[in-house]
Every structure is written in structure tokens, then in C-alpha cells.
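Some notes on the structure that comes next.
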There are 2 protein chains.
Amino acid sequence: MTGETAPVAARDEADPVAVIEVQAAVLTRNFELLRRRSGFDSQLDRAGYLLLLALDSLGPSDIGTLAAALGLDPSTVGRQVAAAEGKGLVTRNPDPQDRRRSVVTASPDGLARMAELSVARQRRTTKMLAGWSVEDLAQLARMFTRYNEEVAHHYFTGIDQVGCAAPHDQPKHSTAEDDS
Amino acid sequence: MTGETAPVAARDEADPVAVIEVQAAVLTRNFELLRRRSGFDSQLDRAGYLLLLALDSLGPSDIGTLAAALGLDPSTVGRQVAAAEGKGLVTRNPDPQDRRRSVVTASPDGLARMAELSVARQRRTTKMLAGWSVEDLAQLARMFTRYNEEVAHHYFTGIDQVGCAAPHDQPKHSTAEDDS
DNA sequence: GTTATTATCGGCATAATGCAGATATTACAG
DNA sequence: CTGTAATATCTGCATTATGCCGATAATAAC
């Protein structure tokens, strides 16, 4: 029948760009599936994790700043902050200088949970990539970072890439030096 | 003040695994933002694109097979198929052998739209990575693919990784002989 | 002091999904 | 052949996350 061979979308394995495009989409889809299938942590969900990560990187911030950093609507971030506050992950105090703002601060408990989750995720990644050589791991890390830098540069110039290019630690020199 | 000092989640740049974990999360988040900010195609949305991709790879299939391939609930895929059918992207015929099943087939128009979108995405990727050397592109493609293979192997052993790792395997398009 | 701007919040609508129940069809045991 | 179990799909309901718009409170500008 028709579906036998030769898919129409010629995913040319010889064209690296085609492979990259498809694999990036696959990676995104896989992460979405993982997120739906097993909530990693009931106490610190994905939104909370990213929120804490942003607060950890930016320091105490108002909701507008957080929304800009996360690329979300202020109302959405406001709800996320409210939820995190209910769980004791962050605290919210009115800014003395400008009492319209509420300054959101990561609580020690929130930071601890975030670090804990970060360690757990790294442990999973370590186990998943156990068979890789150190050189391959370093290469993947470089490639991922460079790729995300390009995405940010081309599509998110206005957004602080929290967790991508932290303010103080510029991922050094992603020069195209490495081969093999 | 906390923003200047070392963040708690020590993103050790010397540890490739830590970088990989963070960058994978960043990539996923970036893609979600892009998806929300600009609907690429009103006629062929993301779900439709993935559905067509699966049909292109598997050949005509019933909803259950598609749901397994996509890692989604059959009811969800049923709705996606209904939407795609309404747009003329797929056709649905009752299976003569088993009239409980409806065999979904990609229409020529659907395949054309899918290929068109695929080309457009590749063109965007090409432009985004214009400054990269051919060797770096090949390296990124390899790293992406290997990484996704590991994810699939560790977390999606039961799911057909459509569009992920199906270079030379025959698409078994047969009408679901899996009634064991 | 009045008006414009800003930050946040709350209501409403939207999109995508999973689960449970209903229905139709097939398979199997007697 | 009949009755029961299993299967595929569909429909209704609930959930989650989000964006937009308007309201409210506070600040800034004139």
C-alpha cells in the first residue's frame, strides 16, 4: 500500500540541518511526555522550579521582572508566585520604595528544594548517559549550549535567558574549534 | 544582593552533565515559548504536524497505534484525527477486517502540507545556524540524535519513537497485527 | 491637586490533555 | 448458536496552564 516506504518528508540523514531540526522537535516532545506522565515533584512542579531558578539567578525581583525573565505574562507569573508562596517556597514583601511592587524572594526552603531537584535531575542524566565518554559529554554540553545561544539570539533577544546565559558566568568561548 | 553571589544551584560549568541537564531544560522551555508566541500555521498546527509525521512514518494506522506511537491517550489522538480530518489532512475509513477500528490515512494534501512545513522549519534552522561550520553542524546532529536515543531507551522503551530513530527500519504499516 | 503611568490582581476564555463511562464490534467458551 | 469477555473508539467532565482585558492601588508628572 501507500505507506510502505519513502516517507514524504525526506528526512535526509546526510543533511545535518534536517537532523537537527527534527531532533530538536523530538527532544521537546519527549520532555513534554515525561512531564505529563510523571510529575517529578508534587511540591516543586515545573513552573516552581523555573521560578526558583530565575530568582536564584536574578535575586529578589518583582513580578514584572520575573515575567520578562521567564518570557511569560505577568498574570501567569503572579499566579505561580502565589502558588509558590502558599507552599513556602518564596516570600513576598511590598517594596518600601514603591509599594505597587511586591518583591519576591526565594526562601531557604525553596532554594533547598530547588538545589535538591537540580541534583536529582543531574543524577538521572548521569545515569542515562553512563556509557558516554567524557569527551562526548563535553561535546554534547558545548553543542547544546551553542544551539540554545543561537535560539536565544535569533528569537529571544528581548528576554533574559535565565538558566541559559547567567549574568555573571558567560559560557566561555563557544568557538568552532573542536572537531571530532 | 543574592543575585551577585553564587547561585545555590551550582551550575558547575566544569561538569558536562550539569550543563547538559540545564541546557536540555532550556531548550524545551524555549520551544514552548516559541510555540505560544507565534502559531506557525493555523492550518497545520503542532499536533497535526506530529500526527502527519507519524502517519508518514507508520503508514495508515488505527487510532490506538497512533496513540502508542505518539505517547498520547487514544481519546486525545482521536480528537486530533477528527480535527485533521475536518481540514482534509487525513481520511478515516472503517477497517473492513475489524469494523471497530478506523484506519487513518494521510491525504496527499496533508502530506504536502507536512513536507512544506518541514522545509520551512529546516530553512529557519539553516538561517539560524548560518555561522556554523559543516563539521559543527554534523556534530550537533550526532549529539542530538544520540541524546534522544538515550532518552527514548531509558524512558520510552514502550513507545515507537516516530521521527526519532527510524532511519532504515521498515515501517510496518500492517493493520495492527498486534492482537496477541 | 489632578491626571497619567505603572504594577499587580481577578475574571474570563482558550487549548490540550487524561480519565471514566458509553457504545459498537469482535473473540471466545459452552 | 448464544452469552460473556475483551477491544477500539467516542463523548462528557475535570484539570492545568496560559494570555488578554479590565479593575484597583500606588506612584509620578505637571
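So that the names make sense, note that chain A is the first sequence line, chain B the second, and so on, each numbered from 1.
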Tyr147(A): which of Tyr147(B), Phe144(B), Trp132(B) passes ring pair (Phe, Tyr, Trp, His ring centres under 6.0 Å)
Phe144(B)
Report yes or no: do Asp109(B) and Ser107(B) form a side-chain donor-acceptor pair below 3.5 Å?
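Not at all, the side chains of Asp109(B) and Ser107(B) share no donor-acceptor pair under 3.5 Å.
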Report yes or no: do Thr145(A) and Asn148(A) form a side-chain donor-acceptor pair below 3.5 Å?
no
Interatomic distance, [X] [atom1] vs [N] [atom2] [rounded to whole Å]:
| X | N | atom1 | atom2 | value |
| --- | --- | --- | --- | --- |
| Leu70(B) | dA16(C) | CG | C1' | 14 Å |
| Arg46(B) | dT17(C) | CZ | C1' | 13 Å |
| Leu66(B) | dT9(D) | CG | C1' | 13 Å |
| Leu50(A) | dA17(D) | CG | P | 12 Å |
| Arg36(A) | dT17(C) | CZ | P | 5 Å |
| Glu32(A) | dA15(C) | CD | P | 17 Å |
| Glu85(B) | dC10(D) | CD | C1' | 13 Å |

Does Thr126(B) use its side chain to pair, donor to acceptor, with the backbone of Gln122(B) at less than 3.5 Å?
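Confirmed, Thr126(B) side chain pairs with Gln122(B) backbone.
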Exam field: side chain Arg146(A) to backbone Ala141(A), donor-acceptor pair closer than 3.5 Å:
no
Common cluster, Leu89(A)/Val103(A), ILVMFWY with side-chain heavy-atom separation under 4.5 Å
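Unlinked, Leu89(A) and Val103(A) end up in two clusters.
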What nitrogen or oxygen pairs link the protein and nucleotides 25-30 of chain D at under 3.5 Å?
{"from": "dT27(D)", "atom 1": "OP1", "to": "Arg99(A)", "atom 2": "N", "distance (Å)": "3.0"}

Can you find a side chain N or O atom of Arg92(A) that sits less than 4.0 Å from OP1 or OP2 on dC9(C)?
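Answer is yes, contact under 4.0 Å.
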Can you confirm whether [X] sits close enough to [Y] that some side-chain heavy atom of one is under 4.5 Å from a side-chain heavy atom of the other?
| X | Y | value |
| --- | --- | --- |
| Tyr49(A) | Arg121(A) | yes |
| Leu117(B) | Met114(B) | no |
| Leu66(B) | Leu55(B) | yes |

Listed nucleotide nearest any side-chain atom of Asp73(A), set dT9(D), dG19(D), dT17(C)
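Among the listed nucleotides, the one closest to the side chain of Asp73(A) is dG19(D).
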Can you tell which of dA7(C), dG19(D), dA16(C) lies closest to the side chain of Arg101(A)?
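For the Arg101(A) side chain, the nearest candidate turns out to be dA7(C).
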Is it the case that more than 12 heavy atoms not belonging to His154(B) sit under 6.0 Å from its NE2 atom?
yes
Quickly, which of Val26(A), Val19(A), Ile20(A) forms a side-chain contact (heavy atoms from CB on, under 4.5 Å) with Val22(A)? Name it, please.
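Only match with Val22(A) under side-chain contact (heavy atoms from CB on, under 4.5 Å): Val26(A).
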Check the interface with nucleotides 2-5 of chain D: list each N/O to N/O pair with the protein under 3.5 Å, or write none.
none

With the threshold set at under 4.0 Å for non-hydrogen atoms, list the residues of residues 74-84 of chain A touching DNA chain D in residue-number order.
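Here the set is Ser75(A), Thr76(A), Arg79(A), Gln80(A).
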